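Ligands are counted one by one from 1 in listed order, and the atoms in each one are counted from 1 as well. Values in this document were obtained by computation on a predicted structure and should not be read as measured data. All residue numbers in this chain count up from 1 along the given sequence.
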Amino acid sequence: MEIIILPTPEDVGRVAADLISSVVKAKPTAVLGLATGSSPLDIYHSLATRVAAGELDVSQASGFALDEYVGIPLEHPESYAAVIARDVVGPLGMDPAKVRVPDGRALDIEAATAEYDAAIAAAGGVDIQILGIGANGHIGFNEPTSSFASRTRIKTLAPETRAANARFFDDPADVPTHCLTQGLGTILDAHRVVLVAQGAGKAAAIAAAVEGPLSAMCPGSALQLHQHATIVIDEAAAAELTLSEYYKYTYANKPAFQRFE
Ligand code: GLP
């Protein structure tokens with residue numbers, strides 16, 4: 001794992017966007033793994049600014065979202081299909097036909113989730129997966145006790161996740177109880193992964209994911225098994241890491257030619 005600790009949340013978004021830009025510039029048809037939630041918003045803003053300035057073209061790239069709620073209509077403003085369209089596809093000028101979100105309304109969930117994993121594989125796999133992390137350590141909607149081998153499937157949302165996401169809904173009771181999410185095994189298949197986190201509320205989850213034991217109780221710890229995972233966090237989210245000085249030293253002394261390789 002590469003751990004990059006930066007002063008501000010804006011720095012986190014910019015540096016993670018640098019990484020994603022470098023992937024898309026090297027491969028304009030790159031497959032992007034798209035995350036929702038607040039954490040990646042600065043990444044999308046930073047990428048959108050580059051697109052608007054003519055410095056980056058994402059129109060040939062394709063995308064697969066991490067997850068989707070079950071039980072809310074597609075046109076609901078908080079369905080992840082709507083969020084991805086609004087926050088990512090539009091601002092980045094991606095081709096909507098090339099971006100997929102798991103189908104939370106599928107009648108045959110098992111077939112739909114198996115087909116989703118098959119579609120990712122058929123696209124050649126995800127070139128770079130963007131991730132946030134929940135305060136309970138979840139990535140995607142892989143809640144604690146998710147198998148490290150899991151594939152895209154239906155999950156029950158943890159009570160703390162429903163509470164955290166209540167801010168997006170008029171009534172906390174409106175937060176769906178179930179979701180479809182790429183599995184930890186699906187996420188680990190991505191060619192590279194960039195996880196971003198900001199703020200003190202993520203400090204314990206980051207410490208558990210980066211320095212804790214491999215444990216299904218912290219699904220983010222599965223990233224320790226990935227060959228090419230980059231964790232970009234601000235000082236507040238880094239507060240509970242025991243080796244933060246070492247990570248800063250390592251990043252400051254990284255040979256220029258290795259940056260984002
Ligand atoms: C959400 C999403 C995750 C996200 C996490 C943290 O519910 N399913 O993909 O990383 O929880 O959310 P946020 O970035 O808003 O803190």
Under-4.0 Å salt bridge between E115 and R100: yes
Nearest non-hydrogen protein atom, atom 14 (O) of ligand 1: S39 OG, 2.5 Å
Protein contact to atom 8 (N) of ligand 1 [nearest heavy atom, distance to 0.1 Å]: D67 OD2, 2.9 Å
Those atoms of ligand 1 less than 4.0 Å from some heavy atom in N165: 7 (O)
Parallel, tilted or perpendicular: ring planes of H76 versus F169, cut at 30 and 60 degrees: tilted
Heavy atom of the protein closest to atom 5 (C) of ligand 1 (residue, atom name, distance): H138 NE2, 3.3 Å
salt_bridge(K202, D234) N-O dist < 4.0 Å: no
R167, portion touching ligand 1 at heavy-atom distance under 4.0 Å: side chain
Location of contacts on Y80 toward ligand 1, heavy atoms closer than 4.0 Å: side chain
Identity and distance of the protein heavy atom lying nearest atom 3 (C) of ligand 1: G140 O, 3.5 Å
Side chain, backbone, both or neither: A35 near ligand 1, heavy atoms under 4.0 Å: neither
Lys/Arg N to Asp/Glu carboxylate O, D18 vs R50, below 4.0 Å: yes
Distance from atom 6 (C) of ligand 1 to nearest protein heavy atom, with residue and atom: I133 O, 3.6 Å
Atom 16 (O) of ligand 1: the protein heavy-atom neighbour that sits closest, reported with distance to 0.1 Å: K202 NZ, 2.7 Å
